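What follows is a single structure, written as structure tokens, with notes after it.
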Number of protein chains: 2
Amino acid sequence: MGRTMPDSAIRPRKEFGKTIAADITHRLREEIVSCSLPPGEPLRFDVLRERFGASFTTLREALTALAAEGLVDAQEQRGFRVAPVSRQDLVEVTDARVLIEVELIRRAIERGDDDWEIAVISTLHRLKRIEQRDPEHPLRDPEWKIAHRQFHQALVSACGSATLLGIRAELFDRAERYRHLSANFRPRPRDKAGEHQAIMQAAISRNADLAVQLITTHIRTTADNVAKYAGHLLDAE
Amino acid sequence: MGRTMPDSAIRPRKEFGKTIAADITHRLREEIVSCSLPPGEPLRFDVLRERFGASFTTLREALTALAAEGLVDAQEQRGFRVAPVSRQDLVEVTDARVLIEVELIRRAIERGDDDWEIAVISTLHRLKRIEQRDPEHPLRDPEWKIAHRQFHQALVSACGSATLLGIRAELFDRAERYRHLSANFRPRPRDKAGEHQAIMQAAISRNADLAVQLITTHIRTTADNVAKYAGHLLDAE
DNA sequence: GAGACTCGTATTTTCGAAAATACTATCCGT
DNA sequence: ACGGATAGTATTTTCGAAAATACGAGTCTC
């Protein structure tokens with residue numbers, strides 16, 4: 001059931017949040033992060049209105065929220081557009097991520113309890129399961145994306161700072177957008193499964209220095225690959 | 001002139017931004033940071049509508065932006081309120097600030113050029129001038145607030161990362177709100193002038209380790225004083 | 001009397017029309 | 001032909017009414 005719904009009448013308008021604005025924010029974020037709405041794309045209200053079925057002001061609220069997250073660029077009196085990409089921005093996001101993530105993994109390793117260990121292990125397990133299904137193009141699989149995000153989220157979730165977790169989440173989204181940007185041009189994914197496994201083991205065995213080193217390499221290598229395979233998209237403008 | 005304007009007709013509606021929404025965002029931010037709107041205060045649209053002279057949707061846009069900055073708490077379907085304060089939040093903001101600010105001061109010292117040095121020296125100079133006027137209650141003087149903000153901004157401005165500067169700015173606002181919270185209960189200000197002077201000298205002489213240590217102490221001491229003198233306001237809820 | 005329900009009120013949330021602003025093509029003078 | 005003003009169009013921004021939702025007082029049942 002649910003498969004044959006007449007939709008427009010029954011299908012709930014709000015899937016991800018209680019308010020339509022929150023829902024639109026969520027859906028827009030996904031489309032921007034996945035580059036379904038490409039960087040620099042103008043976000044005209046007529047078009048959005050049709051695509052998302054919401055009114056001017058509701059869309060405006062969603063765009064304002066995403067502008068604060070750095071995914072949308074608000075040009076006063078001249079509308080919104082998807083935040084452009086650049087080498088400089090990629091470097092900034094990468095550096096900031098390393099700074100924050102290193103701090104968080106240290107704290108999580110220091111403070112994590114049994115539940116944390118279980119979350120790390122189980123999210124990694126699910127990630128590996130999904131990877132076995134389609135080892136070639138993990139980024140195209142929405143389930144892999146979610147599982148990947150949840151594994152990294154679980155790793156740092158025990159850090160004890162909602163503030164830093166919020167900052168981390170924003171940077172993660174911005175970085176994921178760059179990964180999607182280069183996904184189509186990358187010849188074959190490297191051995192991410194092995195890297196994740198190693199990070200998990202370092203974390204669970206409370207080897208903070210090793211975990212920090214692995215995470216740093218993980219982030220920087222990914223960014224290097226983006227620069228390598230999507231470089232032509234970063235200089236465009 | 002400007003003193004005798006009939007205002008409602010001539011006075012520009014948009015002071016700080018080109019759009020009314022951006023203007024309201026700015027004004028609301030100031031009122032929240034200065035605790036003119038106290039922590040936890042419900043933000044009802046009727047009241048805001050009267051106070052700021054804007055419509056529902058414009059206010060909503062401003063509140064959404066401030067929610068993303070952590071100054072406003074959005075409770076879906078139940079409106080907005082000024083973000084509450086707590087010991088936990090104070091600790092989180094302080095720790096995050098130290099982490100970011102330390103990184104930025106290192107980078108700025110490494111990369112800062114002549115213009116940077118001039119900006120640091122001149123913003124400190126102005127700050128000291130203003131302090132001489134009213135050495136007792138600097139936080140009550142809006143000009144001191146601005147000058148203080150600009151000095152700290154100048155210190156890190158040469159870091160080279162707009163992303164990290166944006167994060168820093170948000171944390172600075174959240175910290176400043178706590179300072180205002182305790183300002184009324186603090187017996188007398190400590191020797192901030194001397195601290196700022198020392199930080200400036202360490203920065204200009206490119207002594208990164210010393211600057212980092214001074215900044216860290218500066219931030220943590222301030223936070224400790226907030227906890228000491230406004231503690232009764234942090235446990236309330 | 002305590003808990004659950006209903007209805008009326010207060011408040012938030014959403015909408016599309018109307019105003020304000022930016023963009024584009026055309027016209028005019030040099 | 002070229003630069004600059006101008007009118008017309010496209011787009012964003014703002015508004016207040018209308019719909020949706022939450023809150024609270026009073027009522028009913030057990």
Side-chain angles (χ1 to χ4, degrees), chain A residues 7-29 32 37-38 40-68 71-84 237, chain B residues 7-29 32 37-38 40-68 71-84 237:
Chain A
D7 84 42
S8 65
I10 295 176
R11 174 178 153 206
R13 299 205 44 193
K14 314 167 186 178
E15 269 180 84
F16 298 110
K18 279 186 185 167
T19 68
I20 294 181
D23 181 39
I24 304 271
T25 305
H26 192 280
R27 286 163 59 192
L28 256 172
R29 187 187 294 114
I32 292 173
L37 287 169
E41 179 94 342
L43 296 166
R44 298 236 169 69
F45 284 100
D46 290 340
V47 181
L48 297 177
R49 206 140 165 286
E50 182 154 4
R51 199 203 266 240
F52 292 99
S55 82
F56 296 110
T57 26
T58 305
L59 287 165
R60 189 153 236 284
E61 186 183 330
L63 290 170
T64 303
L66 292 172
L71 289 175
V72 158
D73 187 21
Q75 309 162 289
E76 290 197 334
Q77 307 286 20
R78 296 199 291 140
F80 298 82
R81 60 174 177 166
V82 179
E237 203 161 351
Chain B
D7 86 39
S8 66
I10 295 176
R11 174 178 153 207
R13 300 205 45 194
K14 312 165 187 178
E15 267 180 86
F16 297 111
K18 278 187 186 166
T19 68
I20 293 180
D23 180 39
I24 305 271
T25 305
H26 192 279
R27 286 165 57 192
L28 257 172
R29 186 188 293 116
I32 293 174
L37 286 169
E41 178 94 342
L43 296 166
R44 298 236 169 69
F45 284 100
D46 290 341
V47 181
L48 297 177
R49 204 138 163 286
E50 182 155 1
R51 199 204 266 238
F52 292 99
S55 81
F56 296 110
T57 26
T58 305
L59 287 165
R60 189 154 239 282
E61 187 183 329
L63 290 169
T64 303
L66 292 172
L71 290 175
V72 157
D73 187 22
Q75 309 162 289
E76 291 198 334
Q77 306 286 20
R78 295 200 289 141
F80 298 81
R81 60 173 177 167
V82 179
E237 205 161 350

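All figures in this text were calculated on a predicted structure; none of them were measured in a lab. Each chain gets a letter, A, B and so on, in the order its sequence line appears, and its residues count up from 1.
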d(CZ, A:Arg60; P, D:dC15) in whole Å: 11 Å
Spacing of CG belonging to B:Leu48 relative to CG belonging to B:Leu28, to within rounding of 0.5 Å: 6.0 Å
Given D:dT13, C:dC15, D:dT14, the nucleotide with the shortest approach to the side chain of B:Ile20: D:dT14
First encountered from the 5' end of DNA chain C, between B:Asp46 and B:Thr57: B:Asp46
Flag side-chain contact, heavy atom, 4.5 Å: B:Arg29 against B:Ile24: no
Nucleotide D:dT13, atom C1' - distance to CG of B:Leu59 in whole Å: 14 Å
For atom CG of A:Leu48 and atom C1' of D:dT13, their distance in whole Å: 15 Å
Rounded distance (Å) that lies between atom P of C:dA10 and atom CD of B:Gln75: 20 Å
Sugar-phosphate, base or nothing in reach of A:Leu43, heavy atoms under 4.0 Å: sugar-phosphate
Gap between atoms CZ and P, on A:Arg81 and D:dT12 respectively (whole Å): 14 Å
Euclidean distance, atom CZ of residue B:Arg78 to atom P of D:dC23 [Å, nearest integer]: 5 Å
Using atom types as modelled, flag every donor-acceptor pair under 3.5 Å from a side chain in residues 52-59 of chain A to any protein atom, sequence neighbours excluded.
from    : atom 1 : to      : atom 2 : distance (Å)
A:Ser55 : OG     : A:Thr57 : OG1    : 3.4

Whole angstrom value for the distance that separates P of D:dT13 from CD1 of B:Ile24: 15 Å
A:Pro84 side chain reached by A:Asp73 side chain, heavy atoms, under 4.5 Å: yes
Residue closer to the 5' end of DNA chain D, A:Arg44 versus B:Arg49 (nearest nucleotide): A:Arg44
Sugar-phosphate, base or nothing in reach of B:Thr58, heavy atoms under 4.0 Å: sugar-phosphate
CD1-CZ distance between A:Ile20 and A:Arg27, expressed to the nearest 0.5 angstrom: 10.0 Å
Nucleotide nearest A:Thr19 when distance is taken to its side chain, options C:dT14, C:dT12, C:dG16: C:dT14
First encountered from the 5' end of DNA chain C, between A:Ser55 and B:Phe45: B:Phe45
Integer-rounded Å distance: C:dC15 P and A:Glu61 CD: 11 Å
Touch class at under 4.0 angstrom, heavy-atom based, for A:Phe56 against every strand present: base
